[in-house]
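Per chain, numbering begins at 1; letters A, B, ... match sequence-line order.
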Amino acid sequence: MRKPPKGTAQLLLLACSFALAGYAGVRLLGDDWLGVTLWFVGAALLHDLVLLPLYAVADRGVVRVFGAAGHRERTMYVRVPAALSALLLLVWFPLIGGQVDRRYGMATGLPADGFLGRWLLITAVLFAGSALLFLLRLRLRLRRATKDRPPVAH
Amino acid sequence: MRDHSPRLPTSPGFWRSPLRGPWFTSVLGLVLLVGITVLFVTGLLSYAAYNPGLSPVNDKTPDKGILGFYLFAWPTGPYWLYRLTQGVHVTLGVTLIPVLLAKLWSVVPKLFALPPARSLTHALERISLLLLVGGALFEFVTGVLNVQLDYLFPGSFYPLHFYGAWVFFAAFVTHAVLKTPAAVRNVRRMRQGQEAADGGELVPPRPDPATVTRRGALWFVGGGSLLLFGTTAGRSFDGPLRRTALLAPHGGADPGSGPNGFQINKTAAYAGIDDAETGEDAWRLVVTGRTGTVRLSRAELLHLPLHSAALPIACVEGWSTSDQWWRGVRLRDLAALVGHDDDPPDVLVESLQRHGSFRRAALRANQVADPRSLLALQVNGEDLSPDHGYPARIVVPAAPGVLNTKWVARMTFGDL
């Protein structure tokens, strides 16, 4: 363990930080203090108490399924493409989910309906790539195993 | 702490991932230290680029007080300055999302650690962490929603993102001061094959067997960043590169073909521009200055000396176009028409737009004076299209897109 930090310096630093945060905070809360507070605190709560447990439980489920089949080490082949696809959805859900179709199309003159299709295609490519890698590695391992086996005596 | 009920997240035994530990957290923390510092600085630069001190019409956070202490007159060169700073701001922000998520994941057991506060300092530090985590998520979420035109957040984007950044940054600096030395020490020691010196409380007492190495997990996070970067960065370029931005707004194909085919921020239809107002008979540019007011038709403007400039459009949303070849009348020539011959002053530009927060925008004297600053009438060899601001629009080197007013109706030269 670290020895307790210089308490006074840390207290002063925190006080300074709170003062600045307060100065900006009263301006941030501005006209809609309730809404902004909800968003600010809600973002932290939603992440820590909903999003993180959700993906952790989903991940544990995948690990368990592979574990039950005796192939725990293969988890990554599902985890990586699934997580990357979920990440893209998390970041671009307004466009992928079509939430802003009308505004996006009107404002930019660009088609707003391609995002879902492109996301699904990327997801397909990610899983296909993972499957391909898995098969390649499997073949490599099998070949190595055959080579290492002593020649069969007839 | 003893651990009798590992079914509760408050007990260390509840957390099983063998990845958690000082090394993983330290590496991610150091990446964020650098990344978020760049985000903060480019964000502040973006605010400065609006020239908020010049005129109230440019300032969406007029009650900023000392938070605007650093403001300066935004330069006109290099002409790609805003394209670079804002492209970095948004693209880097999107790229850092997996790192932020992984960092938060790596320290989540601490959220539930008991007792909630060991001392006054510890209690204050935890409150500061709420500002840190809430602030980080608030900034990333408002930014990501805004670039997708999904205005769900409670209020106008500018004050929320600007003041939110300062609240976040106050907590971020504190956290960095308190934790960076330990993080650097940890990474250095682990590199030399030693155990970490700090942060042992993150190591799970009863870890599950590993499904991936720590190094593999870092590659995984980096892969997420790379994927987001690869599907976003292309929106800062025209042509084939833009097509690589598969999921980002203003990625993919251009809205049209030909000279006017490049990216549009707001179409004429969206801005409520009526063809009847922009026709040859109806439209007159009203220029006011020291010697009075001049009204010019488009044909008259075309008879003034025309100049060219190759300049990009760079949006606060992080996308930009490559250089377009604009042709029109120099702003300083228009200033000279109304009596500002040698010392071009500031100018207030007003659009035909009925709504939109930047239908009126102010440009500073240095921007007016730059020979590349034009009231453009043509682009890439053709008349402007309605969506790009026909009959006339402003283009100023290094300025944010919103200051390149389209459908210009009135220009008032003089000190603002």
Side-chain angles (χ1 to χ4, degrees), chain A residues 1-2 5 7 10-11 13-21 23-25 27-28 30-32 34-36 38-41 43-44 46-48 52 56 63 66 72-73 75-76 79-80 83-84 87-88 90-92 94-96 99-100 103-104 106-111 114-115 118-119 122, chain B residues 63-65 67 94 97-98 104-105 108 111 121 124-125 128 130-131 133-135 137-138 141 144-145 148-150 153-155 159-160 163-164 166-167 170-171 173-174 177-178 182 198 200 209 211-212 216 220 223-224 227-228 231 246-250 252 255 264-267 269-270 387:
Chain A
M1 278 297 284
R2 183 164 53 129
Q10 197 177 350
L11 263 179
L13 179 66
L14 282 165
C16 183
S17 160
F18 285 134
L20 176 58
Y23 186 85
R27 288 160 172 79
L28 174 67
D31 308 325
D32 183 7
L34 185 63
V36 174
L38 276 179
W39 267 69
F40 207 92
V41 179
L46 213 62
H47 172 270
D48 290 348
L52 193 146
V63 174
F66 277 93
R72 218 163 171 284
E73 75 288 353
T75 307
M76 283 307 264
R79 184 190 275 153
V80 171
L84 292 181
L87 175 70
L88 290 177
L90 178 75
V91 174
W92 304 120
L95 286 171
I96 293 172
Q99 286 204 56
V100 289
R103 186 184 294 135
Y104 185 78
M106 280 269 292
T108 67
L110 292 163
F115 291 98
R118 274 180 265 170
W119 174 67
I122 293 174
Chain B
D63 57 347
K64 59 191 174 293
L67 301 180
V94 170
I97 289 170
L104 292 177
W105 174 84
V108 75
L111 175 70
T121 314
L124 290 175
E125 200 187 327
S128 172
L130 174 68
L131 296 182
V133 176
L137 292 167
F138 184 82
V141 169
V144 163
L145 288 177
Q148 296 178 77
L149 319 184
D150 197 2
F153 30 76
L160 291 179
Y163 294 132
W166 278 104
V167 173
V173 169
T174 307
V177 169
L178 292 178
D198 311 89
T211 53
V212 58
F220 180 31
L227 179 68
L228 280 170
T231 51
L246 289 169
L247 291 175
H250 291 272
I264 302 157
N265 183 40
K266 300 279 185 287
T267 60
Y270 188 85
D387 287 338

| message | Please check this pair: side chain of R79(A) against backbone of T211(B), looking for a donor-acceptor N/O pair closer than 3.5 Å. | response | no

| task | Report yes or no: does T121(B) contribute a side-chain atom to a donor-acceptor pair with the main-chain N or O of L11(A) at less than 3.5 Å? | result | no

Which answer fits [X], side chain, backbone, both or neither, if we ask what part of it has an atom under 4.5 Å from a heavy atom of chain B?
| X | result |
| --- | --- |
| F66(A) | neither |
| D32(A) | side chain |
| M76(A) | side chain |
| L84(A) | both |
| L38(A) | neither |
| T75(A) | side chain |
| L90(A) | side chain |
| F18(A) | side chain |

Over all heavy atoms of both residues, which pair between [X] and [Y] is shortest? Give the atoms and the distance, please.
| X | Y | value |
| --- | --- | --- |
| L28(A) | F138(B) | CD1-CE2, 4.1 Å |
| L95(A) | L247(B) | CD1-O, 3.8 Å |
| A43(A) | L137(B) | O-CD1, 3.4 Å |
| I264(B) | A107(A) | CG2-O, 4.1 Å |
| V91(A) | V94(B) | CG1-CG1, 4.5 Å |
| F115(A) | A248(B) | CE2-O, 3.9 Å |

Which distance, rounded to the nearest 0.5 Å, do you find between the [atom1] of [X] and the [atom2] of [Y]?
| X | Y | atom1 | atom2 | answer |
| --- | --- | --- | --- | --- |
| L178(B) | L14(A) | CG | CG | 6.5 Å |
| L145(B) | Q99(A) | CG | CD | 8.5 Å |
| W105(B) | L52(A) | CH2 | CG | 8.5 Å |
| Y23(A) | K64(B) | OH | NZ | 10.0 Å |

Could you tell me which of [options] has the largest number of non-hydrogen atom pairs under 4.5 Å with chain B?
| options | value |
| --- | --- |
| V63(A), L88(A), V41(A) | L88(A) |
| H47(A), R72(A), M106(A), E73(A) | R72(A) |
| T108(A), V80(A), I96(A) | T108(A) |
| G109(A), P94(A), G35(A) | P94(A) |
| L34(A), D31(A), L46(A), I122(A) | I122(A) |

[X] and [Y]: side-chain donor and acceptor closer than 3.5 Å?
| X | Y | result |
| --- | --- | --- |
| E125(B) | Q10(A) | yes |
| T231(B) | R118(A) | no |
| T174(B) | S17(A) | yes |

Hey, which of [options] has the most heavy atom pairs under 4.5 Å with chain A?
| options | value |
| --- | --- |
| V133(B), L227(B), V141(B) | L227(B) |
| V173(B), I97(B), L228(B) | L228(B) |
| P249(B), G252(B), A269(B), G216(B) | P249(B) |
| L130(B), V177(B), N265(B) | N265(B) |
| L111(B), L246(B), V144(B) | L246(B) |

| query | Less than 4.5 Å apart, any side-chain heavy atom of L110(A) and any of T267(B)? | reply | no

| field | Test item: L87(A) and P98(B) side chains (from C-beta on) under 4.5 Å apart, heavy atoms | value | yes

| With only heavy atoms counted, which part of L160(B) is less than 4.5 Å from chain A, the side chain, the backbone, both or neither? | both

| Test log, rule side-chain contact (heavy atoms from CB on, under 4.5 Å), inputs Y270(B) and R103(A) | CA-CA 9 Å; Y270(B) 188 85; R103(A) 186 184 294 135; 3.6 Å; yes

| task | Apply side-chain contact (heavy atoms from CB on, under 4.5 Å) to the pair L124(B) and L13(A), showing each step before the final yes or no. | result | CA-CA 11 Å; L124(B) 290 175; L13(A) 179 66; over 6 Å; no

